[in-house]
Amino acid sequence: MRQLFLLICIFFSVNFYAQTPDSLAFPSIDSISPQELNEIIIIGNPAANTLKKDKALGSLDSYLEKSNSVNMVKRGAYAWEPMINGMSTERSVITIDGMRIFNACTDKMDPITSYVENTNLSSAKITDGQSGAEFGGTIAGSIDLIRKKSGFQIKPEFGGSAFAGFESNNNQQIYGTSLNYSAPKYFIDVDFTFRDADNYKAGHKSGEKKEVDFSQFRKYNTSAIAGFKLNAKQEIEASLIYDKATDVGYPGLPMDVSLAEALIASVQHRYKNPFKHFNLWETKAYFNTITHVMDDTPRPIVPIRMDMPGWSKTQGFYSKLSGRYNNHAFKATLSGYRNNSIAEMIMYPEDPDEKDMYMLTWPDVNTLYSGLSLADNISLNADLSLLIEAGIGIHHNKIRSKSGLSSLQIYYPDLSPTKTRILKNLSTRLSYFQGNFLHEIGMGYGDRAPSVSEGYGFYLLNINDNYDYIGNPNLKNEKSINFDFSSSYEIQNFSAKIKANYFYILDYIIGKPRLGIPPMNITANGIKVYEQLNHASILNTSLGMNYSPFLDWNFSADFSYRYGQGAKNTILPLIQPFTYKLSGSFEKHGFFTEISVEGSMKNRNSLEFGEIQKPAYAIANIALSKDFAIKNSQFIAKLGVQNLFDHYYSTFDDWFGIPKMGRNIYTNLIFKF
Amino acid sequence: MKSYKNNMLFLFLSIIFISCSSDDDINIYSIDETDNLHLIKTFNTQDYTLELFSTAEQLIVGYNQIYLRLTDENGNYIEEADMDWKPMMTMNMENMEHHHSSPFSEIKKTKNKQTLFEGYIVFTMPSGENGFWNLEFDLSVGQKNISFEEEINVISTESNYNKVYTSKMGENNTNYILALVDPMNPEIGTNDIVVVLFESIEDDTFLIVDDFQIKVDPRMPGMDNHSAPGNEDMTQREDGLYQGKVGFSMSGYWKINLILEDESGTVVAGEAVTEDNSESSIHFKLEF
C-alpha cells in the first residue's frame, strides 16, 4: 500500500516521468528488478486511487491513451487497440501481470485491454523497445497491466467502495463496487463493474449526422484476488478476472459483436529472499480463454449475412528470479505459453435451401513459446549505470485443422503444418545522473514472429483499405534495431523530459496487393498478402513539462510526434502527427479544477492503406472534483466536460474515418470506506 | 507415431505432441470385393447372374462408375469373361419410338480384383415419362455367348445447387457432352477435377474427344461470384479422361464454369465469366 501511495505521489505530480531519481528506489512494482526505461500509468481505480485529475470512471483505454508512447486505434467507443511507439499490437507484447493473452478476433475488435476494467488494475507499465521482451518477442515494446491488490496488512482492515457514473453523450451508465479485506496472513479483494452505453454523438458540423450508429456497448466485469502468507518469506496468490461484453457496436467496421467473453485465471507463488543475493523468486501458472462472436445481425443492409466467431485459449507460466550482488541488480525470467487460436466465418446465403458457406479464417493454430530473458543493471558509479538485457526464445506454430491447412495450400501448395523459429533480443542502456538531469541512451536488437493473422489468416477484410488479407506462412522473423535517447530534468516545482526513439525495422511485415487473385468479401477491392519490406523506419519523439509555480497551481504541457516510412515508397499507416496537450489545474481544500486543451496537426496519411488526411483540430476540456471526508469514509464527486465546444473531428487513429465523440458531460460519484 | 519434443536450456518446459495412426490393418483375402459399392441391379440369365454395382447409390444422369460381378449357376465367381454393353434409351415422341444411346466405356477386368469388372456410362437423361433406359449386354464366357437386356432406372440429381452433367452444341456444330467424375466429395482447398468429354455423332455414336483443353473457373454465386485461386486447366490423361485442379476457398455452393478449347486453342464452347456474364453456358454445380 505504501509503495503504491509513493508511486501515486510521484507519477501523479509529474505526468509520467518514470526515470526520475526518486523512482529508482522501486523501479517496478514487483520489488527489485533492474532499472528499465519504462513508464507507469496509474489507472483510475476507484477502489485504490484518488486521482482528482481524471475522470476516475473513464475506460482503461482512456488512461493508456495519456501516455506519450501510446496511441489508441478506435473502431468505435469500445475496445480501442493500443499502439506502442506507432506500432500495432502484433509488434508489442501486452500482458496482465506477466500473463500472455491473445485476442480471439481476426479484426482486432478485442485487444486484451478490452477484457479488464479499471477496478481490476492499479497501473500499467509501458516499456519501449527490447526492454519489453521479457515475456516474448517484441519490436515496439510492452504494456504490462498490473493487478490491483490490497496486500497483507499488519492490522486487519476491511474496506470497500461503491461508485456510479453517468456520461451524457452516449448515456453511459457506470456502476460498480469493490470490497477488500486485509490481514497479516491473508487478503482478499473482489470487485464488480458494469457499463452500459448507447450510441455516441459526434461533434457539431452542419450536414453531418450527430449520432454514430452502432457505437453502443455493454460490459460486465468481475474479479477476485486473494493472497495467503505461507510463512515470513513465502506467499501464494490466486487471481481471477471474468469479463463479458455484449451488444458491442463497431461503427468503424462492417460487423458488430454479440459476445466477447474472457476468463483469466492465475496462481502465483512469491518467495522473498530465497537464496543469498536473491531477493525475490516469483512463479506463476495461468490460463485464459476468450470467446469472441462477431455478427452482423443489427446491420440493416449487408452484402451477405455472416457470423465470425473466434476462440483463443492460452496456458502459460513464468518464473522470475531477481537479486543483487555488489553493484549488480539482475533478473532472470523463464516463461512459456501455449496458445490456440481458431476463427471461423459462416456465411448465410439468401436462399434457405442453399448450404451455408464456411471457412476457417484462423486455421486452428497452436503457438508454443518458451523463452529465457536475462537482465543486469550495473551501477558503474554513483551517477552512471549500465543496463544489459538479453533473451532467447523458441516459437513454434502448428496448423491443427486439416481443412485449414488445405485452404492455405491453395496459396502455398508446399505448406507444412509446422514452423519453428528462434527469437532473440539484446539491448543495452546507459543512464547518467548529472545534477538534476538524468540522461539515458540505449540501443537494442530483437525480432518477433508473425502473428496468427499475418502467418495464417485467410481472407480477413480490412475495411480501411478494403482489401481481403491473406496470411503468409513463409514470412521471416521481423527484426528491429532501435536507438533511444531521453533526457529529463527535475527540480522542486519543475520537471521536463525529452525523449526520442528510432526503430529501423528489417523485413517489416505489411500487406501488399496481389494482382490477379479475386477477393472473397463481396465489397473488397482485391487481395493483399502479407509481405516483407526490406526495411521501415519509425521515429517517436516527445517532450513533457510540468510546472507548479505556486503550491495550489500546476501546469503541464506534452508534445509528441511520430514518423513512419517503409521501403518501396510505403507510408506506414496509423502514424500519429504532431500532437499536444496543455493543462492547468488548481487544487485547494479538496476542491480540484482543471482546464485542458488537446489537439493535433494534420496527419501524413497513407493512401495505400485507405487513409485520408485528417485536418488539424483542438478541443477543450474542463474537470471539477471535490472530496468530502466523512469520518473514516471518503466521498468524491466529479463533474467534467470533454470536448467543451462540441467540435467535430476525426484523426489518424479513427478507423474508417469515424468521427470522435462530441461534447460529453460526465459525473462520477465515488464512495469509499 | 510422430512426436515433437522441445527442451529448453533451462529445462522444465518439455511439451510433447503425440499423434498416432494405425494403418496396420491386415489385408485379408476376402471374396467379397464390393465394399463401399452399392448393388444397383441383378440380371439373371439361364446360366449366370450378373450383378451391377455403382460407387453411387443409384444410377444418375452424368458419370457412373460401374462394377460388374458375374456368378455361374454354382455360385462361383467368373474371373475371365469378355463383356460388352450398351445403354439404350427408348423415347415415345408423338407415338413415334425414338432410340438413342449415351457415352460409355469398354468393360475391362478391374486391376487387383479377383471378381470385378469395371466400366463407366454417362447417362444423358433420366428415366421417366419421356422414356426408359435399357442396358444391353453381350457376354462371352469360355465358349458361351449370352446376350440379354433389361431396364434400369436412371435418376437426375440436378438441382439449383448440383449439376454434374452438361452438354452443348459447339461453335463447330459438334455436340459436346461433359460429365464430372471428380471431385465427388469436394473439400476446402485444392481438389483434383476429372471430367469425361465426348462428342456425339448422330444419336448413337459417342467418341472421346482428344487433345482438347478445358479451362476451369470455380465461382461462388452466393458470394457475388467470388472465385478462388489454385485452379489448373484440365488436360487429357492417358485413359482419355481430362484432369486439372480446382480450388475451393470455403465450403458451400460452387459453380465450376468451363471453356472448351480444341487442339489449336480455339474456343469451341463456353464463355468467360465477366462482370456482365455471370456464368459459362457449360458448367457444373457442387455443394458441400
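Note on naming: letters A, B, ... go to the chains in the order of the sequence lines (proteins, then strands), and numbering restarts at 1 for each one.
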Chain B heavy atoms under 4.5 Å from Pro349(A): which part of the residue, side chain, backbone, both or neither?
neither
Interchain contact, Ile517(A) with chain B, by part (heavy-atom threshold 4.5 Å):
side chain
Which atom names give the shortest non-hydrogen contact between Met223(B) and Asn521(A), and what distance separates them?
CE-CA, 4.5 Å
Is it the case that atom CG in Asn112(B) sees more than 12 heavy atoms from other parts of the structure closer than 6.0 Å?
no
Closest non-hydrogen atom pair, Pro229(B) against Tyr459(A):
CD-OH, 3.8 Å
Greater than 12 external heavy atoms within 6.0 Å of Asn185(B)'s CG:
no
Non-hydrogen side-chain atoms of Phe458(A) and Ser249(B) separated by less than 4.5 Å:
yes
Can you measure from CG (Asp356(A)) to CD (Glu287(B)) and round to the nearest 0.5 angstrom?
9.5 Å
Can you give me the closest heavy-atom contact between Ile188(B) and Ser403(A), atom names plus distance?
CD1-OG, 3.6 Å
Does some side-chain heavy atom of Met520(A) sit less than 4.5 Å from a side-chain heavy atom of Met220(B)?
no
Tell me if a side-chain donor or acceptor on Glu354(A) pairs with a main-chain N or O of Tyr161(B) at a distance below 3.5 Å.
no
Using modelled atom types only, decide if a donor and an acceptor are shared between the side chain of His226(B) and the backbone of Pro519(A) within a distance under 3.5 Å.
yes
Please name all residues satisfying ring-ring contact (aromatic ring centres under 6.0 Å, His included) with Tyr165(B), sequence neighbours left out, ordered by chain then number.
none
Asp35(B), CG: over 12 other non-hydrogen atoms inside 6.0 angstrom
yes
Just how far is it from atom CH2 of Trp254(B) to atom NZ of Lys355(A), taken to the nearest 0.5 Å?
14.5 Å
To the nearest 0.5 Å, how far apart are NZ in Lys245(B) and CD1 in Ile410(A)?
12.0 Å
